[in-house]
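Along the sequence shown, residues are numbered consecutively beginning with 1.
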Amino acid sequence: MKIAAPKEVFKGENRVALTPLSALELIKLGHECIVQSGAGISSRYDDNAYKAVGVKIVKSAAALWKEADVVVKVRAPEKEEVNYFRKGQILVSFIWPAQSKDLLEGMKKIGVTAIAMDMVPRISRAQKMDALSSMANIAGYRAVIEAGNNFGRFFTGQITAAGKVAPAKVLVIGAGVAGLAAIGAAQSLGAIVRAFDVRPEVAEQIESMGAEFLMLDFEEDASGEGGYAAPSSPEFREKQLECFREQASDVDIVITTALIPGREAPKLWLKDMVEKMKPGSVVVDLAAERGGNCELTRMDKRIESKNGVTVIGYTDFPSRMATQSSNLYSTNIRHMITDLTPEKDGEIVVDMNDDVIRGSVVTHAGKITFPPPPPKIQAIAKPQVKKELPSQEDIKKKEAEALRRTGNQQVIMLTLGAIFMAIIGIYAPPSFMQHFIVFALSCFVGFQVIWNVSHALHTPLMAVTNAISGIIIIGALLQVGDTNIIVEVLATVSILIATINIVGGFMVTRRMLAMFQKS
């Protein structure tokens with residue numbers, strides 16, 4: 001089939017839905033690729049780069065849409081582009097179906113099969129097609145770069161001959177894909193990073209990246225479906241805003257990323273918080289397209305408050321890194337079309353029984369298929385509720401019971417061992433019994449050497465070697481006073497070597513454990 005990528009008509013959009021590398025992979029699947037002339041220029045891909053991999057170049061959008069079986073785009077089609085559609089065509093693009101009812105109606109009437117890249121279910125198998133995450137990752141990173149461009153100081157702290165420079169303090173609100181990317185970028189630049197999210201399960205992710213998680217003293221599970229946050233209660237919101245007001249006068253940069261699918265962005269950074277911030281501070285609002293998390297945000301604008309705080313409401317962060325964005329997005333598109341070409345024969349099959357495809361298709365066979373049914377596999381399961389921890393008294397009781405059982409077992413084993421030794425002693429010669437008793441005592445004492453040592457202090461290999469070394473030492477100690485000089489020398493050498501083995505083992509283990517300790 002013919003897969004075509006037109007030049008984006010949305011003002012300021014620099015991305016392209018098909019790069020030369022992705023086109024090459026689609027050609028290997030048996031498809032033919034077409035690109036409108038100049039479509040990739042803003043992403044640093046000229047027409048010659050496409051021709052080099054076998055992509056056909058057409059001059060006009062009308063000619064491209066007329067020839068195409070599948071149209072791949074970045075932005076949802078504009079009104080003038082809808083007129084290019086014909087019955088049976090397939091569109092793969094960002095569509096935002098919940099906010100694009102007129103567009104869905106138009107494609108339904110024409111008979112277009114529309115696949116929304118923003119509707120790809122968030123399940124493991126579909127991660128390679130998750131364009132939302134790909135673009136959010138870039139937006140989070142770029143938000144930090146834009147903040148740095150508008151911030152009048154270093155991110156990292158410095159001590160110079162001219163004086164001391166304090167590190168910038170960055171607060172990231174929302175620890176989804178964009179938030180975590182922002183945390184990583186700010187942390188790598190040397191800033192002190194704090195982060196907040198209504199989902200307590202992301203605290204570990206935040207702290208693993210070196211940021212401080214701002215924990216609220218409030219019991220509420222705000223985890224929603226698909227890894228998104230759910231709307232908060234009024235009581236929780238008040239606690240949340242109280243926390244932000246405390247941070248406002250201390251932080252230098254605020255990056256907000258909080259969005260709930262199908263809703264306006266919640267207002268989290270209010271006007272009074274901006275007024276508390278120091279002059280020269282920066283707020284970057286990644287939710288500007290949906291109204292913004294900051295009360296002062298203006299969509300696609302950069303404004304400065306009366307007290308000198310810069311508020312950035314750009315909505316084109318991925319487009320500002322067009323080459324990187326195009327590479328990732330076109331790879332998402334390529335994986336989607338690969339799944340739509342099961343036989344790798346250049347024929348598209350829209351399998352509505354496939355969870356990923358069904359979840360992404362918003363119009364098909366003259367019908368609007370949005371919203372999709374819930375996937376058979378839950379997108380991201382909510383974390384299991386932690387079981388109540390046992391009290392210290394219960395722990396002590398269990399430990400005492402375990403010690404009692406262990407003691408009883410040892411008494412039984414010793415009694416059985418003594419009976420066994422007595423039976424052997426009746427029939428065995430004295431010379432045999434002398435060596436057998438030494439062996440038995442060595443095994444018993446060697447076992448006791450490691451019995452009460454925590455497993456955290458040595459690896460299983462260390463435990464075994466130390467046990468054997470303990471047996472050797474006990475046996476050798478019993479032989480040191482032997483009248484035979486050879487036996488005495490061998491026993492002394494055995495004690496020396498076994499001692500080195502035990503001490504060395506614990507020293508190596510100590511060094512291994514030190515690797516995991518925070519300095």
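By the 4.5 Å heavy-atom criterion applied to side chains, Ile173 and Val254 are counted as neighbours. Residues Leu104 and Val362 are in side-chain contact: their nearest non-hydrogen atoms beyond the backbone lie under 4.5 Å apart. Between Ile41 and Asp46, some side-chain heavy-atom pair lies under the 4.5 Å cut-off. At least one side-chain heavy atom of Val35 sits less than 4.5 Å from a side-chain heavy atom of Leu18. Residues Val92 and Met117 meet the side-chain proximity criterion, which asks for heavy atoms closer than 4.5 Å. Counting heavy atoms from C-beta on, the side chains of Thr341 and Glu347 never come closer than 4.5 Å. For the pair Ile255/Val144, a side-chain contact is recorded, criterion being any heavy-atom separation below 4.5 Å from C-beta on. Side-chain atoms of Ile348 and Val70, non-hydrogen and from C-beta on, do get closer than 4.5 Å to each other.
Between the side chains of Asp130 and Ser133, a donor-acceptor pair is found at a separation under 3.5 Å. Counted by atom type alone, His364 and Thr369 present zero donor-acceptor pairs between their side chains at under 3.5 Å. Under the 3.5 Å distance criterion, with hydrogens and angles disregarded, a donor-acceptor pair is assigned to the side chains of Ser37 and Asp47. Side chain to side chain, Ser134 and Asn332 meet the donor-acceptor criterion of an N or O pair below 3.5 Å. A donor atom on one side chain and an acceptor atom on the other are not found under 3.5 Å apart for Arg15 and Thr323.
Salt bridge absent: Arg75 and Glu8 never bring a charged side-chain N and a carboxylate O closer than 4.0 Å. Taking the charged nitrogens against the carboxylate oxygens, Glu81 and Lys73 do have a contact shorter than 4.0 Å, which makes a salt bridge. Asp69 has a carboxylate O that lies under 4.0 Å from a charged side-chain N of Arg86, or vice versa, which qualifies the two as a salt bridge. Ion pairing between a basic and an acidic side chain is recognised when a charged N comes within 4.0 Å of a carboxylate O; Asp339 and Lys128 show such pairing. Comment: Asp354 engages Arg125 in a salt bridge, judged by a side-chain N to carboxylate O separation of less than 4.0 angstrom.
In this structure, the side chain of Asn150 engages the main chain of Glu146 through a donor-acceptor pair within 3.5 Å. Of the possible donor and acceptor atoms, none in the side chain of Gln158 sits under 3.5 Å from a partner among the backbone N and O of Ala166.
Summarising the geometry, atom CE belonging to Met273 is positioned 8.5 Å from atom CD belonging to Glu295; distances are rounded to the nearest 0.5 Å. Between the CD atom of Gln99 and the NZ atom of Lys101 there is a distance of 9.5 Å, given to the nearest 0.5 Å. Separation of atoms CD (Glu238) and CG (Leu216) is listed at 12.0 Å; rounding is to 0.5 Å. To the nearest 0.5 angstrom, Lys56 atom NZ is 12.0 Å from Lys51 atom NZ.
In this structure, Phe317 has its ring center no closer than 6.0 Å to that of Tyr141.
Judged by the 6.0 Å and 45° rule, Arg320 forms a cation-pi pair with Tyr314.
Listed by chain and residue number, Leu29, Arg334 satisfy the side-chain contact (heavy atoms from CB on, under 4.5 Å) test with Thr338 (two or more places apart in sequence, or in another chain).
Around atom CZ of Arg44, no more than 12 heavy atoms belonging to other residues, nucleotides or ligands sit under 6.0 Å away.
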Under the side-chain hydrogen bond (donor to acceptor under 3.5 Å, both in side chains) rule, what do Asp252 and Ser281 come out as? Steps first, then yes or no, please. CA-CA 5 Å; Asp252 302 300; Ser281 299; 4.7 Å; no

So Asn353 and Arg358, side-chain hydrogen bond (donor to acceptor under 3.5 Å, both in side chains) or not? Walk me through it. CA-CA 7 Å; Asn353 293 317; Arg358 176 63 189 90; over 6 Å; no

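Taking the six-membered ring where tryptophan is involved, the planes of Phe196 and Phe244 are perpendicular, since the angle between them exceeds 60° and thus also 30°.
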